[in-house]
Amino acid sequence: MTAVHSDLGAYAGSVRATLDRLDSEKVVDRVVRGDYTLWKPQPTEITNRLGWLTIADRMTAALPEITDVVNGVRADGYTDALVLGMGGSSLAPEVFRQTFGVAAGYLDLAVLDSTDPDAVASHARRLDPARTLFVVSTKSGGTVETFSFFRFFYRWVVRALGTAAAGRHFIAITDPGSALVDTANQYAFRHTFLNDPNIGGRYSALSHFGLVPAALVGADVPRLLKRATAMEKALEPAARLGATIGELATRGRDKLTFVLSPPVAGFSSWVEQLIAESTGKEGKGILPVAGEPLGPPAVYGADRVFAYLRIANDTTHDAAVGALRDAGQPVLQIDLTDPYDIGGEFVRWEMATAVVGWRLGINPFDQPNVESAKVLARNMVKAYETSGALPPIVATGHGDGLTVYAAPKAGSTPAAGAAAGSANPADVVRDFLRGVRPGDYIALQAYVTPSAETTAALQRWRVALRDRLHVATTVGYGPRFLHSTGQLHKGDAGHGVFIQIVTAPPATDVPIPDSADADTSHITFGVLKVAAALGDRQALLDAGRRVLRVDPEHASDGIARLTGLLP
């Protein structure tokens with residue numbers, strides 16, 4: 001089991017005092033016992049959310065069932081798997097695919113967590129329905145995006161193979177009694193995995209939600225669980241990590257920046273959700289910074305903590321991290337033996353996050369602000385169903401392939417169908433960025449088709465913003481990030497500066513079937529995507545956040561233009 005090496009500089013004394021409190025208040029023992037008073041006076045959404053503490057040990061007994069299903073689809077000639085899910089249901093599968101690849105004879109697994117119509121259509125173009133397994137994954141059993149994906153691909157399989165054969169191409173992962181259980185029975189799914197209901201989605205990596213996809217790609221799941229159970233039996237180092245992170249956050253070091261050796265780089269997307277959704281509430285929060293390229297010490301403010309997960313003998317980031325240490329930036333280094341140590345890291349960071357909640361005085365297991373954007377998005381969809389159009393917002397300016405929408409002024413009422421304003425988009429963007437202050441962070445929220453080209457463009461933009469403004473940056477594809485960092489965006493202390501990038505639905509949009517029994521449709525994936533963007537924008541504005549929406553005619557070209565618009 002790996003230790004944590006801390007370089008804390010001027011913060012060593014205050015961290016030491018918090019670690020003494022950790023010991024004197026017997027925090028580790030109380031977490032294990034499920035003592036909800038560590039976090040809140042009432043047990044609501046705490047005592048029924050602690051199943052993650054022992055799930056790795058208990059999942060060993062579930063391996064024969066998982067192995068039987070995996071061997072069955074392999075024997076039937078399946079070559080691909082597509083996870084249909086959002087947030088906690090999709091992030092761990094993505095980590096396992098990126099970390100372990102695909103073993104010979106196993107299924108090449110991908111994740112669909114984007115409602116962008118081109119993203120959906122691209123999977124339909126590349127997959128062979130006769131050789132594809134669909135993993136419908138949702139804890140609640142009612143996630144709108146997940147069921148939209150299911151209806152689309154079920155109809156797609158029916159058209160290719162017929163109704164009698166379609167169900168065999170689907171498995172479900174959900175909680176007992178959810179609506180997905182009934183759906184799986186109705187449509188004769190190959191198998192339904194029932195997860196421990198006492199685990200929240202973001203804590204579910206080592207449950208069926210993560211391990212079934214891991215087994216499908218041929219990862220050595222027993223080896224993974226062995227590393228995890230070792231950490232379950234020795235939680236003290238994980239708790240001390242959490243106490244350290246929590247204490248540093250109270251001292252203004254609330255941008256936890258992850259630096260990972262390339263073989264485990266995918267881990268950052270999972271831990272990003274865990275920390276953001278667990279800590280961003282009640283006007284508090286720790287921003288996890290995932291995937292931000294390392295820069296020289298001069299580009300960072302005094303609000304960073306660096307978590308360096310380093311595989312043995314990998315020196316990729318040693319020099320850059322060493323320079324940060326020398327500059328006085330706090331660094332927490334965890335040395336891993338090999339990629340299978342991420343089994344233990346899931347447990348470590350779950351325990352650490354629970355202890356961060358103790359130090360900050362918040363419940364790390366609820367998500368009180370997540371629903372706000374969902375409700376507003378549903379309202380947008382209802383408006384579309386009634387009028388045939390989404391509610392309009394008034395553009396501030398248009399030109400050079402960009403349309404910009406600044407936040408409406410207090411007391412103003414948008415006029416339906418109002419024409420675009422006359423402001424120069426470049427001036428609007430620069431003026432918006434002039435409002436960024438030390439200690440803020442910039443979140444780029446891309447409601448566009450995910451692609452390597454667009455991701456590279458977004459990465460260039462975030463680096464340009466960081467280097468000019470010396471603030472932390474994040475990048476998220478929508479609506480995926482709504483199920484990961486969206487809670488923090490509305491629930492923290494208001495340090496976020498949000499730039500939405502929204503591309504219009506393509507001329508040939510992708511209809512969402514009204515049911516799995518017919519091809520009739522009253523809404524498309526393109527409309528669902530834009531509704532999510534509108535709902536989230538309004539939720540951010542309602543929370544008093546700073547928001548600018550930019551609609552480029554073409555994603556990558558538009559982002560390249562935006563990269564040059566620095567204050």
I'd like to know whether CZ of Arg430 has more than 12 heavy-atom contacts from other residues, nucleotides or ligands below 6.0 angstrom. yes
Side chain of Asn195, backbone of His208: donor and acceptor closer than 3.5 Å? yes
Give a yes or no answer on whether the side chain of Trp39 reaches the backbone of Ala354 with a donor-acceptor pair at less than 3.5 Å. yes
Other residues, nucleotides, ligands: >12 heavy atoms within 6.0 Å of His5 NE2: yes
Could you go through Val355 and Met351, starting from their C-alpha distance and side-chain angles, then the distance that decides it, and tell me whether this counts as side-chain contact (heavy atoms from CB on, under 4.5 Å)? CA-CA 6 Å; Val355 173; Met351 181 64 177; 4.3 Å; yes
Run the side-chain hydrogen bond (donor to acceptor under 3.5 Å, both in side chains) test on Arg325 and Gln333 for me, step by step, so that the C-alpha distance in whole Å, both residues' side-chain angles and the decisive distance to 0.1 Å come before the verdict. CA-CA 11 Å; Arg325 285 193 182 96; Gln333 180 170 327; 2.4 Å; yes
Aromatic Tyr340 / basic Arg227 pairing, under 6.0 angstrom, 45° off normal: no
Would you call the rings of Tyr308 and His317 parallel, tilted or perpendicular if under 30° counts as parallel and over 60° as perpendicular? perpendicular
Any non-hydrogen side-chain atom of Val356 less than 4.5 Å from a side-chain atom of Ile275? no
What class does the angle between the rings of Phe365 and Tyr203 fall in, given that below 30° is parallel, 30 to 60° is tilted and above 60° is perpendicular? tilted
Treating Lys139 as the side-chain partner and Gly88 as the backbone partner, does any N or O pair qualify as donor plus acceptor under 3.5 Å? no
Between Arg223 and Asp338, is there a salt bridge with N-O shorter than 4.0 Å? yes
Would you please name every residue forming a side-chain contact (heavy atoms from CB on, under 4.5 Å) with Asp431, sequence neighbours left out? Arg434
Using a 3.5 Å distance criterion without hydrogens, assess whether the side chain of Thr455 forms a donor-acceptor pair with backbone atoms of Ala452. no
For Glu236, does the CD atom have more than 12 heavy-atom neighbours from other residues, nucleotides or ligands under 6.0 Å away? yes
Given the options Asp254, Leu488, Val436, Asp303, His495 meets side chain to side chain contact (heavy atoms under 4.5 Å, CB included) only with Asp254
When you look at Thr473 and Arg466, which way does the side-chain hydrogen bond (donor to acceptor under 3.5 Å, both in side chains) test go after all the steps? CA-CA 6 Å; Thr473 62; Arg466 180 202 63 192; over 6 Å; no
Check step by step if salt bridge (Lys or Arg N to Asp or Glu O under 4.0 Å) holds for Arg549 and Asp536. CA-CA 11 Å; Arg549 173 169 157 173; Asp536 192 45; over 6 Å; no
Apply side-chain hydrogen bond (donor to acceptor under 3.5 Å, both in side chains) to the pair Thr115 and Glu145, showing each step before the final yes or no. CA-CA 7 Å; Thr115 54; Glu145 296 93 339; over 6 Å; no
For the student: nearest non-hydrogen atoms of Leu109 and Pro93, plus distance: CD2-O, 4.1 Å
